[in-house]
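A short worksheet on the structure shown next.
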Amino acid sequence: MANPMVRTLLTRGVPLLLLYAVVLAGLNLGLIDDYLMATIATLCINIVLAVSLNLITGFTGQFSLGHAGFMAIGAYTTGLITIAVPTVPGFIAGLLAGGLLAALVGFLIGLPTLRLRGDYLAIATLGLAEIIRILLNNVEFTNGAAGLAGIPQMMDWNWFFILTVGSVLLIRNFLRSSHGRNAIAVREDEIAAESIGVDATRAKVLSFTVGAFFGGLAGGMYASYFYFIKPDTFGFLKSIDILVIVVLGGLGSLSGSVIAAVLLAAISTVLQQFTAVRMILYALLLVIIMVFRPQGLMGSREVSLRIVGRLFTRKPTEPDEPEATR
Amino acid sequence: MKRTAILLAAGALGLSVLAGCSAKPVTNAPDAGAAGDTVKIGLNYELSGPVASYGQASVAGIKLAAEEINAAGGINGKQIELVSYDTKSDTAEATTLATKLMAQDKVVTVIGPATSGGMKAQIQVAEKNQVPVVSGSSTADDLTVTNGKLNEYVFRTCFNDSFQGTSAANYSSEKLGATTAVIIKDNSNDYSKGLATSFDAQFKANGGSIVAEEAYATGERNFNSILTKIKGQSFDVIYLPGYYEEAGPAIKQARELGITAPILGGDGYDSPKLAEAAGAGLTDVYFTNHYSSEDHDPKVVEFIAAFKKANGADPNAFNALGYDTLKFVADAVSRAAEPTGSAVKDAMADTKDFVGVTGTFSMDPSTHNPVKSIVFIGYKDGVIAVTEKA
């Protein structure tokens with residue numbers, strides 16, 4: 001065995017860097033035009049949204065219907081801050097502030113509702129997202145229902161790469177920490193988890209707050225790339241869209257969320273040519289996938305970058321169990 | 001093994017994204033391949049989602065206009081080729097698809113979306129790619145001029161919100177002889193708030209006074225508390241800007257309470273559902289609109305007949321505005337020095353005395369708003385009794 005650090009870097013880092021370099025080269029050579037970049041941007045935002053919701057719903061077992069609400073908080077915070085300070089530090093501050101504000105709201109709503117067992121959180125988050133949307137519609141400084149226009153576009157491929165990969169890695173590491181294991185124990189059996197000393201409420205609130213933070217971050221990415229936001233963008237249907245990605249990929253599988261986000265983006269793009277029947281075909285495909293794979297594409301298994309990495313290192317096969325639930 | 005299969009499937013789908021992007025979109029021109037022989041115009045409308053009815057209606061009008069132009073020999077001998085996408089009523093999708101139309105399909109102009117939000121999501125794309133975007137129905141004031149700066153590549157062929165409020169105020173003072181007014185606006189709707197603000201300013205400038213200002217929220221069906229409150233006061237007109245869903249019941253309840261003062265509104269009233277909801281109470285009700293199907297101008301009569309033949313229904317304002325917008329674009333393309341976005345933009349800004357079914361207009365080069373007439377439609381006993389151009 002070589003130095004494990006070096007091995008990790010090789011197996012995980014090389015495929016990621018390769019991906020980064022390929023897209024960067026494509027952009028510089030003009031092979032990736034503005035439209036393809038916009039598709040990649042949507043994809044990256046959806047990955048962060050899905051992975052963060054999967055932390056709440058898939059790994060901690062708490063059904064949340066309000067992820068678009070956190071996205072809205074992040075988007076408006078980032079938007080307003082970057083309009084006021086249109087520089088890179090302003091943008092970073094906006095992203096962080098958006099994530100933190102979303103996390104704070106998540107914490108405040110999670111604390112009372114997550115003490116309860118059952119589906120209270122689903123209803124509370126549904127209400128929360130609606131309240132946020134209606135508030136944004138009515139307050140003056142967000143420009144109300146007309147929406148916030150002219151947000152400086154700071155996001156580019158570098159930022160998308162850093163933020164998306166960073167978010168997925170941070171959530172993955174969170175899940176592998178003792179906090180993440182507590183959350184998974186609570187999902188499996190709350191009473192059993194409490195009987196061995198896991199503070200169930202604490203574990204749930206912590207995952208929910210972390211998930212809300214990344215939901216807010218994804219909102220900030222959205223606002224900065226698409227430079228125009230309005231409250232209607234973050235309606236109930238947006239929350240459902242995110243949930244569809246999570247369920248399709250598999251509750252409790254981070255790589256499943258990533259794969260499902262890619263898959264849905266691909267389906268949506270290909271179907272773009274059939275304007276009239278597009279939404280019917282899209283829905284039909286979802287139904288077919290769920291009929292044949294009710295547990296989602298990945299169930300709770302993970303594919304690791306190790307599979308790709310092995311091509312470079314040629315190590316003997318390691319047991320490839322579901323990492324997070326091990 | 002299963003995992004490998006999934007990976008392969010994901011990879012294959014990933015590739016198909018790339019393939020899908022380069023694939024030619026479906027177009028309705030006979031010779032889509034020969035790019036040099038056609039004029040490509042992009043349509044980026046809401047064909048599904050909450051405001052699909054606006055988008056679909058606009059596209060129906062646009063298609064009719066394109067067929068007419070193509071049948072008459074096209075623009076300077078070149079056939080129009082429409083490339084149409086669906087924004088799903090989503091602003092990010094509008095941005096993405098506008099990018100696609102400009103970067104991949106190389107259209108000379110993008111028409112749509114119908115709503116101001118969708119249009120605003122395209123401003124930066126248009127300026128970056130130097131391809132003009134035109135809407136036939138986005139009325140938000142700050143669309144073409146944002147914070148005092150003209151958006152060079154953004155145009156519209158309809159009047160803006162403040163023009164409607166101003167016109168309604170002038171109509172109240174001059175035609176209805178009103179000196180006092182009550183404003184009832186939808187506080188959760190930007191369009192309604194915008195109209196109310198400009199009415200307020202112009203009515204006061206005309207020497208009138210606003211005796212009360214009340215507000216409701218979208219979805220409200222019971223206006224009795226607001227109406228009872230104003231019933232005791234004396235006023236000449238009520239200005240009630242908003243959409244027919246709320247205006248219908250509000251008018252009905254006002255008349256039931258015995259409030260007989262004229263009620264004025266904006267183009268949000270333009271739906272047969274207004275008469276259904278308000279019933280016989282729809283008397284002494286006036287609204288500003290882009291066009292009237294009662295117009296006897298030969299050009300309008302001809303358009304109505306052609307539209308009926310193609311679609312089997314009377315055209316509404318969105319159909320008419322879509323029709324005019326395509327004709328406006330075609331006119332600009334035919335006058336442009338070369339078939340590029342920036343040349344077409346200059347020709348658009350230079351439009352003078354363009355004759356459309358929604359009126360004759362010239363483009364104001366400093367605001368990119370058309371200088372055009374407005375139509376007042378007045379109801380008596382539930383039917384249209386007055387149609388006046390102002």
Side-chain angles (χ1 to χ4, degrees), chain A residues 31-43 45 134 137-138 143-151 153 222 225-230 232-233 235 237-238 255-256 258-260 262-276 278-280 297-298 301-303 307-308 320, chain B residues 2-4 6-7 9-10 13-21 23-26 47-50 84-86 88-105 116-118 120-125 128-129 140 142-143 146-147 187-191 193-194 217-218:
Chain A
L31 294 171
I32 295 177
D33 62 13
D34 282 357
Y35 170 62
L36 198 52
M37 187 56 222
T39 311
I40 293 171
T42 313
L43 180 61
I45 293 164
I134 292 166
N137 251 329
N138 284 291
N143 203 16
L148 198 61
I151 300 164
Q153 195 184 43
Y222 178 96
Y225 188 78
F226 287 106
Y227 54 75
F228 173 72
I229 47 176
K230 58 177 195 155
D232 289 357
T233 306
L237 282 175
K238 187 78 200 176
S255 47
V258 175
I259 290 170
V262 176
L263 189 71
L264 287 182
I267 292 176
S268 179
T269 311
V270 172
L271 290 183
Q272 211 128 58
Q273 317 171 41
F274 315 105
T275 308
R278 177 167 63 135
M279 292 319 283
I280 301 172
L297 292 173
M298 298 296 296
R301 285 188 304 266
E302 297 282 0
V303 272
I307 292 176
V308 190
D320 230 358
Chain B
K2 223 173 191 173
R3 203 168 288 132
T4 323
I6 293 169
L7 260 182
L13 268 151
L15 281 176
S16 69
V17 188
L18 297 164
C21 294
K24 274 237 169 286
V26 183
L47 302 177
S48 61
S84 177
Y85 295 122
D86 170 21
K88 296 194 271 186
S89 304
D90 181 69
T91 53
E93 197 86 357
T95 311
T96 309
L97 291 174
T99 311
K100 184 174 189 182
L101 284 165
M102 294 173 193
Q104 289 192 349
D105 297 320
S116 300
K120 282 182 190 167
Q122 295 188 146
I123 296 174
Q124 269 152 313
V125 184
K128 187 178 169 200
N129 291 286
D142 60 352
L143 173 64
T146 312
N147 300 328
N187 234 351
S188 58
N189 179 321
D190 221 69
Y191 157 76
K193 285 200 276 190
T218 308

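Residue numbers begin at 1 in each chain, while the letters A, B, ... track the order of the sequences. When reading the values below, keep in mind they use all heavy atoms of this one structure, side chains included, and skip hydrogens, waters and symmetry mates. Values in this document were obtained by computation on a predicted structure and should not be read as measured data.
- Annotation: maximal heavy-atom pairing with chain A below 4.5 Å, among Val125(B), Asp90(B), Ile123(B), occurs at Val125(B).
- Taking every heavy atom of both residues into account, Ala149(A) and Lys120(B) meet most closely at CB-CD, 4.4 Å.
- Looking at Tyr222(A), only its side chain comes within 4.5 Å of chain B, counting heavy atoms on both sides.
- Residue Asp86(B) holds its CG atom at 11.5 Å from CG of Leu271(A), rounded to the nearest 0.5 Å.
- Interface remark: Ala121(B) contributes backbone and side-chain atoms alike to the contact with chain A (heavy atom separation under 4.5 Å).
- Note: Asn138(A) CG to Lys193(B) NZ = 6.0 Å, rounded to the nearest 0.5 Å.
- With rounding to the nearest 0.5 angstrom, the CG atom of Asn137(A) is 11.0 Å from the CG atom of Asn187(B).
- For chain A, the nearby parts of Thr96(B) are the backbone and the side chain; heavy atoms of each come within less than 4.5 Å.
- Contact of Ile45(A) with chain B is not made at all, since no heavy-atom distance falls under 4.5 Å.
- Note on Ala145(A), Ala38(A), Gly235(A), Ala146(A): by heavy-atom pairs under 4.5 Å with chain B, the leading option is Ala146(A).
- Only the side chain of Asn129(B) has a heavy atom closer than 4.5 Å to any heavy atom of chain A.
- Taking every heavy atom of both residues into account, Gly117(B) and Phe228(A) meet most closely at O-CE2, 3.1 Å.
- Residues Lys230(A) and Thr91(B) share a closest heavy-atom pair of CE-CG2, 3.6 Å.
- Neither the backbone nor the side chain of Thr146(B) comes within less than 4.5 Å of any heavy atom of chain A.
- Taking each heavy atom of Gln104(B) and Tyr35(A) in turn, the nearest pair found is NE2-CD2, 3.5 Å.
- The distance from the OG atom of Ser268(A) to the NZ atom of Lys88(B) is 4.0 Å, given to the nearest 0.5 Å.
- With a 4.5 Å cut-off on side-chain heavy atoms, Lys128(B) and Asp34(A) count as touching.
- Considering CD of Glu93(B) and CZ of Phe226(A), their distance stands at 8.5 Å, rounded to 0.5 Å.
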